[in-house]
Amino acid sequence: MKRYRNGEIWDFELEMPPRPGGPGVVLGLDGGTTSTLCVCIETPISDQLFDSPMVLGRAVAGCSNHNSIGETAARETMEQVMAEALLKSGFHRSAVQAVCLAVSGVDHEIDRLRILQWLRNVFPGNVKLFVHNDAVAALASGTAGKLHGCVLIAGTGTVAYGFTEDGREARAAGAGPVLGDWGSGYGIAAQALTAVVRAHDGRGPPTSLTPAILQKLQIQSPDEVIGWTYADPSWARIAALVPVVKACAGAGDKVAQNIFLIAVQELAASVKAVVQRLGLSGKDGLESFPLVMVGGVLETNEGWDIGEEVISCISKDFPGVLSIRPKLEPAIGAAMLAWNFYMKVSSEESIKDR
């Protein structure tokens, strides 16, 4: 284990005596475009995780998506929250048995391998390390740490991810707003801003989105929308307008309602594509499968339940879909995954040693 270039982050360990023979801990990290959360949980006494593990320490920081802020900044964010979660829990790295980093932007094997290589320099060599896309943590938060079924994330960005019990996986969407993630918070808000500009120059119908967005942005004219948008076109800044769009849709604005109808169709299409490719609904299309739904876009507010609309759309083709709104946060799902991964690898190693 090296101190790594952010060695000062771990200086607290110099003043904290290790606990030889004491309980071990597991770290779960959920990293997104908007925020990054790490939790530290004590390893269970039995081989099975309980439904709601006790969190010993937790830490929150900003973005850890390397596509948004670069690899160096993303790693600094992740290392910061891992160290802070351990500090708050009263443990150091010598007590860590497993780590799961579930981070947005980890979309290819090369992404995963780069983070794993870095992570091996942060923790002792005996620590089991697991790295995946943030969709995995979201799924695990609704399936008690099991990788089976489908997860739909619709927050600032969107992605649908699916896993089978034999280890196959598939994804749909998640390529970012430039490549058409129109069911995402960014996509919804971007269409709303476009509708304001179109209404102003005569290409589109009048919409209550215009006064609502102008008030939210504290600007006087639709002409200023263009300047506001390009001054900082970051995904999270644009996506923050989604509640305004929901309020207008709930009040009956046809333009806003149409934006959400398009979002529902896009989100449902992503899930359907994953279910079809993996055969999650069986040969007859009627078998049940879990669909974990996570993200602000899918939450009920302003009279709109986008999640229910999406489920209704999916169930027309796959009536066995079982929607799950997880009570556990994705970071805890990541910690549960880390423990399950630890138990699996430890079991495989013990069999090899026989």
Side-chain angles (χ1 to χ4, degrees), residues 1-13 18 24-33 35-43 55-89 91-140 145 147 169 330-346 348-349:
M1 177 176 63
K2 300 177 183 177
R3 290 191 75 209
Y4 199 59
R5 73 182 200 85
N6 285 328
E8 66 276 5
I9 289 179
W10 301 100
D11 280 350
F12 72 88
E13 292 181 334
V25 295
V26 170
L27 294 178
L29 183 147
D30 172 44
T33 305
S35 63
T36 301
L37 170 64
C38 181
V39 298
C40 176
I41 66 171
E42 190 171 324
T43 53
V55 175
L56 303 176
R58 58 188 293 126
V60 183
C63 175
S64 56
N65 184 326
H66 68 92
N67 292 324
S68 297
I69 61 173
E71 214 164 79
T72 300
R75 289 176 179 179
E76 287 178 352
T77 298
M78 291 187 285
E79 191 166 6
Q80 174 191 334
V81 293
M82 288 189 292
E84 189 176 336
L86 276 174
L87 171 62
K88 290 180 176 178
S89 67
F91 288 88
H92 32 111
R93 285 173 286 178
S94 60
V96 176
Q97 292 183 290
V99 178
C100 174
L101 303 189
V103 191
S104 66
V106 180
D107 300 322
H108 307 284
E109 182 65 8
I110 188 64
D111 300 325
R112 193 183 71 84
L113 291 176
R114 277 203 301 262
I115 294 178
L116 270 176
Q117 184 178 15
W118 161 73
L119 205 54
R120 288 193 180 103
N121 285 328
V122 177
F123 288 95
N126 63 307
V127 178
K128 310 303 182 189
L129 305 173
F130 183 57
V131 176
H132 217 298
N133 186 275
D134 61 334
V136 169
L139 175 63
L147 287 185
E169 60 185 82
I332 296 179
M336 296 171 85
L337 267 178
W339 177 249
N340 287 343
F341 177 68
Y342 171 82
M343 294 304 300
K344 177 184 177 184
V345 173
S346 297
E348 290 171 352
E349 289 176 348

Please report the interatomic distance [atom1]([X]) to [atom2]([Y]), rounded to the nearest 0.5 Å.
X	Y	atom1	atom2	value
L119	R112	CG	CZ	11.5 Å
M82	T77	CE	OG1	10.5 Å
T72	W118	OG1	CH2	11.0 Å
T33	N65	OG1	CG	4.5 Å
I69	C63	CD1	SG	4.0 Å
R58	C38	CZ	SG	10.0 Å

Identify the two heavy atoms, one from [X] and one from [Y], that lie closest to each other, and give their separation to 0.1 Å.
X	Y	result
L86	R93	CD1-CG, 4.0 Å
A59	A85	CB-N, 3.8 Å
A140	L337	CB-CG, 3.6 Å
N340	G145	ND2-O, 2.8 Å
A338	V26	CB-CG1, 3.3 Å

Test side-chain hydrogen bond (donor to acceptor under 3.5 Å, both in side chains) applied to K88 - qualifying residues, sequence neighbours left out: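 side-chain hydrogen bond (donor to acceptor under 3.5 Å, both in side chains) list for K88, sorted by chain: E84.
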Would you call [X] and [Y] a side-chain contact if the rule is heavy atoms closer than 4.5 Å?
X	Y	result
D107	N133	yes
M78	H66	no
V99	L29	no

Parallel, tilted or perpendicular: rings of W339 and Y342 (30°, 60°):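 Taking W339 first and then Y342, their aromatic rings lie parallel (interplane angle under 30°).
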Name of the residue among I41, T43, V96 meeting side chain to side chain contact (heavy atoms under 4.5 Å, CB included) with V25: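 Testing each of I41, T43, V96 against V25, the sole residue satisfying side chain to side chain contact (heavy atoms under 4.5 Å, CB included) is V96.
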Side chain to side chain contact (heavy atoms under 4.5 Å, CB included), paired with S64, selected from V106, T36, L101: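 In the set V106, T36, L101, the residue that makes a side chain to side chain contact (heavy atoms under 4.5 Å, CB included) with S64 is T36.
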side-chain contact (heavy atoms from CB on, under 4.5 Å) evaluation trace for E79 with W10: CA-CA 9 Å; E79 191 166 6; W10 301 100; 2.7 Å; yes
Residue pairs fulfilling salt bridge (charged side-chain N to carboxylate O under 4.0 Å, His left out) with at least one residue in residues 123-134, sequence neighbours excluded: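 Those involving residues 123-134 are K128-E349.
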E71, CD: over 12 other non-hydrogen atoms inside 6.0 angstrom: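 Yes, CD of E71 has more than 12 neighbouring heavy atoms, counting only those of other groups under 6.0 Å.
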